[in-house]
Enquirer: 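Before I ask anything, here is the structure I am working with.
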Amino acid sequence: MATAAVPSAASGGGEVRLHWLDGKPAAPVGCAFGVPWPRGTLSRTVPLALHAADGAPVPVQSWPLAYWPDGSVKWTGHAVTSSATAETFKLTPGTPAAPAAPVTVRRSPREIVLSNGTVELKIATTGPTAVPSISRAGRVVARDGELVLRLQDQPDDDGGDARAPRREDWTGIVERAEVEQSGPVRAVVKLTGRYRRDHGRGPRAILPWTLRVYLGAGDSLRVVHSFRWDADENHDFVRGLGLRFSVPLTDEPHNRHVRFGTAAGGVWGEPVRVLTGLRRDPGSAVRKAQTDGTATPPVAQWGQQVRDGYQNLALWNDFTLFQESARHFAVWKRTTAAGSWLKHAGRGDRASGFGYVGGVGGGLGFGLRDFWQRAPRSLDIRGAATDTASVTLWSYSPLAPAMDLRTYDTVAHGLDLSYEDVQEGFATPQGMVRSTELRLWALATTPPRDTIAALSATLTAPPQLVTDPATYHAAGVFGRWSLPDRGTPARAALEDGIAREIGFYADQVDEREWYGFWHYGDVMHTYDADRHEWRYDVGGYAWDNAELGTDALLWYAYLRSGDPRTFRLAHAMTQHVSEVDTHHSGRFAGLGSRHAVVHWGDGAKEARVGESFTKRFSYYLTADELLGDLIRSSLQVDETLRTVDPLREVLPPQTKAPARVRIGPDWYALVSNWLTEWERTGDVRWRDRIVTGMKDIATFPAGLFTGEAGGAVGFDPATGHLVNLEKGDFDGGYNLSMAFLGEQILWETLDLVDVPEFRRTYLDFARYAQAPSAEKIARYGRDFNPGLFKTIYSRVTAWAGEQLGDASLRKRGWDQFTSDPAGKPWPPAERVTGSAVATPVTEIPTRTTTNPAGDFATFATNDFAQRNLATIALLAIAPEEAP
């Protein structure tokens, strides 16, 4: 793997080497990516240029993503197009190369027109048609692009109600259009709107949505659609959700073709009028053209019997590719709505999500990312034998059962036994988001089969430019983390454990089929060794919702290794947590839901689930605009805490402050939100909220040990002030103050803001959190038990030793970690039979562990995340004391 020189020039930056995550893509379609810069090395006024390894200039568009406190650039975002065809690149200060055909943007009151010299895209500023047309070289390839929603008023299984569900079709109405980037390498337009009933029936508008359209050089268009749930989950059941286009067709039916791709590189392809397999032979040249998708020879050159009777052959008008599960897809076709479907036209396990309809004179290629992972999905083509085909990319297929977002039961099952915290009115999907990425290709002709396989690969593993672990690490971003260290057998064993356990989870995602429209990206929380099954149906032991930093662990593991599989796991998890597990509007805006059987079903709505720290990895590495929106949405939580007290079930009401939070994890989560907005905008108001809280904590007599129930203090959302409620210090329950990346949030923040009194307060906490009784008595005059998790706080203890230059404290951190049963690596996975599924499954042999909560038997995602997060941090903080 290439290594990059660390930027050094104070005003100009240096050279950063880049490579493709999965190797050079077979069909470049361009991508966006982010690059970090050490503090003080890149001025915001310095342009950046991209070159291939051989020195050839590559057009690139750049913009700042984040700033250091001194005003220098911390992260830059970049976009390249299909012209980026080299295997490796160099990003340096300099004038960027201009594209041969710059992307241009023209705006009028009614539409926005994007053009790259070959493809022209018209986007509406208002109304029911979002994309009026897509043209290539002056020829309209697709038109009348609209967002479609199919809704029904009850679930398919209605519990005995004889009435069939009433279904309605809705259309996405554009209400606002905004040009976010205007070239020259890439243009981005953001549409926002809501769905309304077709034909204007009634005033109701639901599911606010965004549609970002990206155009760069080349044929490919990227589209990202997202919607926010604000409907009634008890009476609104989504039956279909998609994007539809009309595709003009002019070729003879035997020269019109339909193509679908598979994830393994296969292609299903047939013409509208099939001339192969007939009783009479049309000739080898005709048969080959039908297979290749090229123009057949003139009819006069066909075999006479076929020439005389071909117009009597069936015209296949309608086609469907239905991915019903992660394990099966089928291709259907029919001649007319009055006839039956042939549902055995094609079949396989995983389709790529690529489709095409058109002829030798051109057509529309289209696709959905994560097609089989987000099943049920489908691609529909209707009217392929007419002058105009209709193409619908269903991100949720109408062929599947209606989407049911209700919680799984109507009663609670108890926190003590099922680890389930159910509260009236809290198990709601209100404010949840789900997004879909689509690709569109305006193609000059029916693509060859190898081209379809290459385009399919861009959907199953979208090309992504990245740099190497040493460059990320040298930039000083994302707190304290280490590069791999295999210098001793013990350290090698720790590194092996990280790789083995991440590989285990990747295998479990596939083996247990943790896929689906709402599920993909999440993993399960705890294993049931008796059933040989994860506890999918047991309260808080079911879906993990990134509890205790699973997502952060995956990102740190990727940053250290550069492993593509780990990147894909981490990216999917961040997408899931930021969309499905976090409320972005409504009563719980900015809060997220704790782990549960249904992702949003738990009554513990937490700021730490929606916090920005763990979302920043993906945002800064991919420069994804939607994720940037969702990160900013978490700032709403400040006001939400006025009415949703995280300790409402534990402590009586208080009147000393407008709201109440725990210092950790609640206030730390707020700090991560403010820190992210400050570095993204440079607006010091967000920094000042951090400083205000830090100074307040420094005045508390018990510092970071303050507060009952794990650190309860008062909070004023208007000012950011914290108030000592004087209800208890030191003791009581188990302490979660650093459990959800709190230590990393504070380490990074302390490097960016200078509040000496808070640094002393944090250092005091870190020094005595795991100290023996004699040291606590000497410092505080009495002994106390803060109820700490040994593995979680081991890195805090080691940090105190680092800051104080105390080797014994650094070693204490390692000793706390290595003596914790939860800190022991899992043994290798085994194959076991007798499971709830038909085939043997992979599990890790049972290893009973105990922690202060006393409720984690066998192995859990908690152990996996915290053990390996501790390894990565301790190797950075106390390498000399490492075993």
Side-chain angles (χ1 to χ4, degrees), residues 647 650-651 661-668 693-714 722-740 742-743 746-747 750 755-823 849-854 866 870 873-874 877-878 880-881:
L647 295 167
V650 180
L651 299 176
V661 298
R662 295 160 294 185
I663 295 177
D666 305 318
W667 181 71
Y668 298 155
M694 285 182 166
K695 289 184 174 180
D696 290 336
I697 291 171
T699 67
F700 298 165
L704 289 171
F705 288 112
T706 296
E708 59 185 333
V713 296
L722 300 177
V723 177
N724 184 3
L725 300 178
E726 300 177 351
K727 292 290 186 179
D729 303 319
F730 302 111
D731 289 299
Y734 53 85
N735 191 306
L736 293 174
S737 66
M738 300 291 173
F740 301 94
E743 81 289 345
L746 292 184
W747 290 339
L750 284 172
V755 183
E757 58 268 44
F758 179 78
R759 180 180 287 273
R760 289 192 296 269
T761 300
Y762 184 19
L763 188 55
D764 213 36
F765 173 89
R767 180 176 184 178
Y768 293 101
Q770 294 181 311
S773 295
E775 291 185 23
K776 288 185 284 190
I777 292 171
R779 168 63 177 83
Y780 294 102
R782 68 183 180 92
D783 194 14
F784 58 92
N785 176 20
L788 303 179
F789 295 81
K790 293 177 69 174
T791 297
I792 293 172
Y793 288 86
S794 62
R795 58 251 202 187
V796 177
T797 298
W799 178 80
E802 177 198 53
Q803 297 295 299
L804 295 169
D806 187 333
S808 65
L809 269 177
R810 297 195 299 269
K811 185 176 185 303
R812 179 186 295 169
W814 275 107
D815 290 344
Q816 289 287 320
F817 171 47
T818 57
S819 65
D820 186 357
T849 65
T850 304
N851 65 25
Q866 288 304 312
L874 286 169
I877 294 166
E880 294 182 4
E881 286 73 28

Enquirer: Are L763 and W799 side-chain neighbours, meaning at least one heavy-atom pair lies under 4.5 Å?
Expert: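 Side chain of L763 against side chain of W799, heavy atoms only: contact under 4.5 Å found.
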Enquirer: Show the nearest heavy-atom pair for residues S794 and Q816, with the distance to one decimal.
Expert: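 Reported closest heavy-atom pair: CB-CB, 4.1 Å.
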Enquirer: Would you please name every residue forming a side chain to side chain contact (heavy atoms under 4.5 Å, CB included) with A698, sequence neighbours left out?
Expert: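 A698 satisfies side chain to side chain contact (heavy atoms under 4.5 Å, CB included) with E757, T761 once adjacent residues are dropped.
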Enquirer: So which heavy atom on S819 is nearest to which on K790, and how close?
Expert: OG-NZ, 2.8 Å
Enquirer: Quick one, V713 and V661 - any side-chain contact, counting heavy atoms below 4.5 Å?
Expert: yes
Enquirer: Please find out if less than 6.0 Å separates the ring center of F705 from that of F784.
Expert: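 Ring centroids of F705 and F784 are less than 6.0 Å from each other.
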Enquirer: Is there a side-chain contact between F758 and L750 in this structure, where contact means two heavy atoms from C-beta onward sitting under 4.5 Å apart?
Expert: yes
Enquirer: Measure the CG-CZ distance between L809 and R767 for me, rounded to the nearest 0.5 Å.
Expert: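 Here the rounded value is 6.5 Å.
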Enquirer: Would you say the side chain of T706 lies within less than 4.5 Å of the side chain of I697, judging by non-hydrogen atoms?
Expert: no
Enquirer: Indicate yes or no: at least one non-hydrogen side-chain atom of W814 is less than 4.5 angstrom from one of R810.
Expert: no
Enquirer: Given side chains that start at C-beta, do those of Y793 and E743 come closer than 4.5 Å, heavy atoms only?
Expert: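 No, their side chains stay 4.5 Å or more apart.
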Enquirer: Is it the case that the side chains of D764 and Y780 hold a donor-acceptor pair, with the cut-off being a distance below 3.5 Å and no angle test?
Expert: yes
Enquirer: Return the minimal non-hydrogen interatomic distance between W747 and A873, and the atom names on each side.
Expert: CZ3-CB, 4.3 Å
Enquirer: Where do K776 and A771 come nearest, in terms of heavy atoms and distance?
Expert: CE-O, 3.3 Å
Enquirer: Report the distance from atom CG of L722 to atom NZ of K695, rounding to the nearest 0.5 Å.
Expert: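 These two atoms lie 13.5 Å from each other.
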Enquirer: How many angstroms lie between atom CD of E881 and atom CZ of R812, to the nearest 0.5 angstrom?
Expert: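 If we round to the nearest 0.5 Å, E881:CD and R812:CZ are 13.0 Å apart.
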Enquirer: So how far is it from D806 CG to T797 OG1, rounded to the nearest 0.5 Å?
Expert: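 One gets 11.0 Å once the value is rounded to the nearest 0.5 Å.
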Enquirer: Check M738 against Y668 and note the closest heavy-atom contact, atom names and distance.
Expert: CE-OH, 3.4 Å
Enquirer: Side chains of T791 and Q866: is there a donor and an acceptor less than 3.5 Å apart?
Expert: no
Enquirer: Just wondering, do Q803 and R759 contact through their side chains at under 4.5 Å, heavy atoms?
Expert: yes
Enquirer: Of the non-hydrogen atoms in L788 and A769, which two are nearest, and what is the gap between them?
Expert: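 Looks like CD1-O, 2.8 Å.
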Enquirer: Rounded to the nearest 0.5 Å, what's the gap from CG on L725 to CG on L651? Could you check?
Expert: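 The distance works out to 9.0 Å.
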Enquirer: Just so I know, are the side chains of F765 and L746 near enough to count as touching, which here means a heavy-atom distance under 4.5 Å?
Expert: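 Not touching, per the 4.5 Å side-chain cut-off.
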